[in-house]
Chemist: 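Got a structure for you, written out below as structure tokens; questions coming shortly.
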2 protein chains.
Amino acid sequence: MTTQPLTRNQGLVFDVLTHSEGPLSAYSILDKLRDDGFRAPLQVYRALDKLLEFGLVHRLESINAFVACAHPEEGCHAHGITAFTICETCGKVTEFHDHVIEDRLKGFAKDRNFKTGKTTIEIRGTCAGCA
Amino acid sequence: MTTQPLTRNQGLVFDVLTHSEGPLSAYSILDKLRDDGFRAPLQVYRALDKLLEFGLVHRLESINAFVACAHPEEGCHAHGITAFTICETCGKVTEFHDHVIEDRLKGFAKDRNFKTGKTTIEIRGTCAGCA
DNA sequence: ATGGCAATGTAATGTTATTACATCAATTGC
DNA sequence: GCAATTGATGTAATAACATTACATTGCCAT
């Protein structure tokens, strides 16, 4: 993987996500970056688009939020499908990869000649600490 | 499963989804029901909440849309986790159930004492017809 | 009849995401 | 050097999705 240098905006957004306890919405990222000159949602969305592309950030579809990748050094794209548990009480997100699930989904798609793009796997519930 | 009789609004919303080719957003459902007296988003969302609860409708988290269950007679809740392929070209949605994936996800959650609530599995891509 | 409950109607607002257009900076080819 | 291109940015406006708050209605069990 060739590591891209991040632009100023991308770096700021990535930093906010990296230092956050849990996932953040685009608008809460925006709020955290007002002091750094951010004024409009688009500044955040544009940076997020790139970070998603680089595999440094994940989008949690079921809660419309974004989270830093758990192992950004390697570029998460290398790991295939990413799945998440999302605690609805404390917001904690855990990222995991399961080749059995991945093979199963790939098989299903292949059988039907469905060309797979992005795959979402998200489990919402309550984490051990919040139970 | 005890089959609930649907209220007027629930029935109207369910009908629209049943007769639709593909998934619909809440607002497009609203538009289709203007002539039946629908005036506000909440009328749609309330009906959808109930239909989701009954297992007659699914919400596609990754595209903010709703689709009628493929086998509503049985109440889809009976089938465990539901997974979807979503064609980004024609909008066609296919619903499927895979016990291997389900066991795998349940196992992961159990190992971490994560109490599973709703699980989302959605594959976006291109269907055979659109390839 | 009345108290409780689920469904409904309506308005307003909150939250998430995109479109459109202008500007700026770095790079490339001539 | 200097257009031409390309990618990033700034700003405003708007679109798309979802919820809160409050009033009303109809039903049914006591």
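Every heavy atom of this structure was used, including side-chain atoms; hydrogens, water molecules and symmetry mates were not. In the text below, chain A, chain B and the rest are named by the order of the sequence lines, each starting its count at 1.
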Chemist: Please give, in whole Å, the distance from C/dA7 C1' to B/Phe14 CZ?
Modeler: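 These atoms are roughly 19 Å apart.
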Chemist: Between protein and nucleic acid, restricted to nucleotides 12-18 of chain D and to nitrogen or oxygen atoms under 3.5 Å apart, what atom pairs and distances do you find?
Modeler:
unit_1, atom_1, unit_2, atom_2, d
D/dA18, OP1, B/Arg59, NH1, 3.4
D/dA18, OP1, B/Arg59, NH2, 2.1
D/dA18, OP1, B/Asn64, OD1, 3.4
D/dA18, OP2, B/Tyr45, OH, 3.0
D/dA18, O5', B/Tyr45, OH, 3.3
D/dA18, N7, B/Tyr27, OH, 2.6
D/dA18, N6, B/Tyr27, OH, 3.2

Chemist: A/Leu30 CG to D/dT11 C1': how many Å, rounded?
Modeler: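 Nearest whole value for this atom pair: 13 Å.
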Chemist: What side-chain donor-acceptor pairs closer than 3.5 Å can you find for residues 89-96 of chain A, not counting sequence neighbours?
Modeler:
unit_1, atom_1, unit_2, atom_2, d
A/Glu95, OE1, A/Ala70, N, 2.9
A/Glu95, OE2, A/His58, NE2, 3.1

Chemist: To the nearest angstrom, how far is A/Asp36 atom CG from D/dG10 atom P?
Modeler: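 Those two atoms, CG and P, are 11 Å apart.
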Chemist: Could I get the full list of ring-ring contact (aromatic ring centres under 6.0 Å, His included) partners for B/His99, not counting sequence neighbours?
Modeler: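 Result, ring-ring contact (aromatic ring centres under 6.0 Å, His included) vs B/His99: none returned.
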Chemist: I need the CG-P distance between A/Asn9 and C/dA25, as an integer number of Å.
Modeler: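 Rounded to whole Å, this separation is 14 Å.
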Chemist: Rounding to a whole Å, what distance do you find between A/Asp49:CG and C/dT16:P?
Modeler: 16 Å
Chemist: Sequence neighbours excluded, which residues qualify as side chain to side chain contact (heavy atoms under 4.5 Å, CB included) partners of A/Asp36?
Modeler: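 A/Asp36 satisfies side chain to side chain contact (heavy atoms under 4.5 Å, CB included) with A/Arg8, A/Leu12, A/Leu33 once adjacent residues are dropped.
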Chemist: Do B/Arg46 and C/dG9 share a donor-acceptor pair, side chain to base, under 3.5 Å?
Modeler: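 In this structure, the two groups form a donor-acceptor pair.
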Chemist: What ring pair (Phe, Tyr, Trp, His ring centres under 6.0 Å) pairs are there with at least one residue in residues 110-131 of chain B, not counting sequence neighbours?
Modeler: none
Chemist: List the atom of A/Pro23, the atom of A/Leu60, and the distance in Å for their closest heavy-atom pair.
Modeler: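 Reported closest heavy-atom pair: CB-CD1, 3.8 Å.
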Chemist: Report yes if at least one side-chain N or O of B/Thr7 is closer than 4.0 Å to OP1 or OP2 of C/dA6; otherwise report no.
Modeler: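 So the side chain of B/Thr7 is outside the cut-off, no N or O lying under 4.0 Å from OP1 or OP2 of C/dA6.
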Chemist: In whole Å, I'd like the distance from the CG atom of B/Leu48 to the P atom of D/dT19.
Modeler: 11 Å
Chemist: Figure out the CZ/C1' separation between A/Arg8 and D/dG7, and round it to whole Å.
Modeler: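 Roughly 17 Å, once rounded to whole Å.
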Chemist: Taking side chain to side chain contact (heavy atoms under 4.5 Å, CB included) as the test, write out the residues that go with A/Glu102, two or more places apart.
Modeler: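 Counting only residues at least two positions away or on another chain, A/Glu102 forms a side chain to side chain contact (heavy atoms under 4.5 Å, CB included) with A/Ile81, A/Lys106.
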Chemist: In this structure, how many angstroms lie between the P atom of C/dT23 and the CD atom of A/Gln43, rounded?
Modeler: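 A/Gln43 atom CD is separated from C/dT23 atom P by 17 Å.
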Chemist: Tell me every residue that passes salt bridge (charged side-chain N to carboxylate O under 4.0 Å, His left out) with A/Arg59, counting only those two or more places apart in sequence or in another chain.
Modeler: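 With sequence neighbours excluded, A/Arg59 shows a salt bridge (charged side-chain N to carboxylate O under 4.0 Å, His left out) to A/Glu61, given in chain and number order.
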Chemist: Does any residue of residues 82-91 of chain B have a heavy atom under 4.0 Å from DNA chain D, and if so, which ones, in number order?
Modeler: none
Chemist: For a quick check under 3.5 Å, do A/Ser62 and A/Arg124 share a side-chain donor-acceptor pair by atom type?
Modeler: yes
Chemist: Keeping to residues at least two apart or across chains, list the ring pair (Phe, Tyr, Trp, His ring centres under 6.0 Å) pairs with something in residues 7-37 of chain B.
Modeler: none
